[in-house]
Amino acid sequence: MTDTRTPHAAGARAAETADLPAVTTDPDRSVTVNGVTRSWTQDVTVAALVADLLGDAPAPGTACAPTGVAVALDDAIVPRGLWESTPVPSGARVEVVTAVQGG
């Protein structure tokens, strides 16, 4: 591996480990939702993700899903009836789209 960094100026020092910012996002537990990377502390389903994202959505496990919402998981539409049983794998890209009325 070739070091492509620029040489330090005279008197400059390299950052110590303690000087570096802590990384709080675990890349193995993140998904991209509508273009924003989000961290999760546990496995998540499409239903749980929608409930968390929309706030007022029915809780996972309830029979009623929010109307006017569509979800794509890695470019594939997830049918509403499968939201509860569809896991969102780490590193997945999710798009949640809501219908808006107006003109």
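We number each residue from 1, following the sequence as shown.
- A search for side-chain contact (heavy atoms from CB on, under 4.5 Å) contacts involving Asp43 returns Arg29, not counting sequence neighbours.
- Remark: Pro89 engages Leu73, Ala92 in a side-chain contact (heavy atoms from CB on, under 4.5 Å) (not counting sequence neighbours).
- The two residues Val71 and Trp83 make their nearest non-hydrogen contact at CG2-CZ2, 3.5 Å.
- Contact between Ser85 and Pro87 at its shortest, heavy atoms only, is O-CD, 3.2 Å.
- Qualifying side-chain contact (heavy atoms from CB on, under 4.5 Å) partners for Ala70, counting only residues two or more places apart in sequence or in other chains: none.
- In this structure, the side-chain contact (heavy atoms from CB on, under 4.5 Å) partners of Ile77, at least two apart in sequence or on a different chain, are Ala72.
- In this structure, the side chains of Thr32 and Thr37 come closer than 4.5 Å at one or more pairs of heavy atoms.
- The two atoms that bring Asn34 and Val96 nearest to each other are OD1-N, 2.7 Å, heavy atoms only.
- Sorted by first then second residue, the salt bridge (Lys or Arg N to Asp or Glu O under 4.0 Å) pairs that include residues 85-94, not counting sequence neighbours, are Asp74-Arg93, Asp75-Arg93.
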message: Between Arg38 and Leu49, is the side-chain contact (heavy atoms from CB on, under 4.5 Å) condition met? List the steps.
response: CA-CA 10 Å; Arg38 298 178 61 153; Leu49 188 144; over 6 Å; no
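- Across Arg80 and Gly68, no two heavy atoms sit closer than the pair NH2-N, 4.2 Å.
- Minimum interatomic distance between Gly35 and Glu95 (heavy atoms only, all atoms of both residues): N-OE2, 4.0 Å.
- Note on Val31 and Val97: separate hydrophobic clusters, where clusters join Ile, Leu, Val, Met, Phe, Trp and Tyr whose side-chain heavy atoms are under 4.5 Å apart, directly or indirectly.
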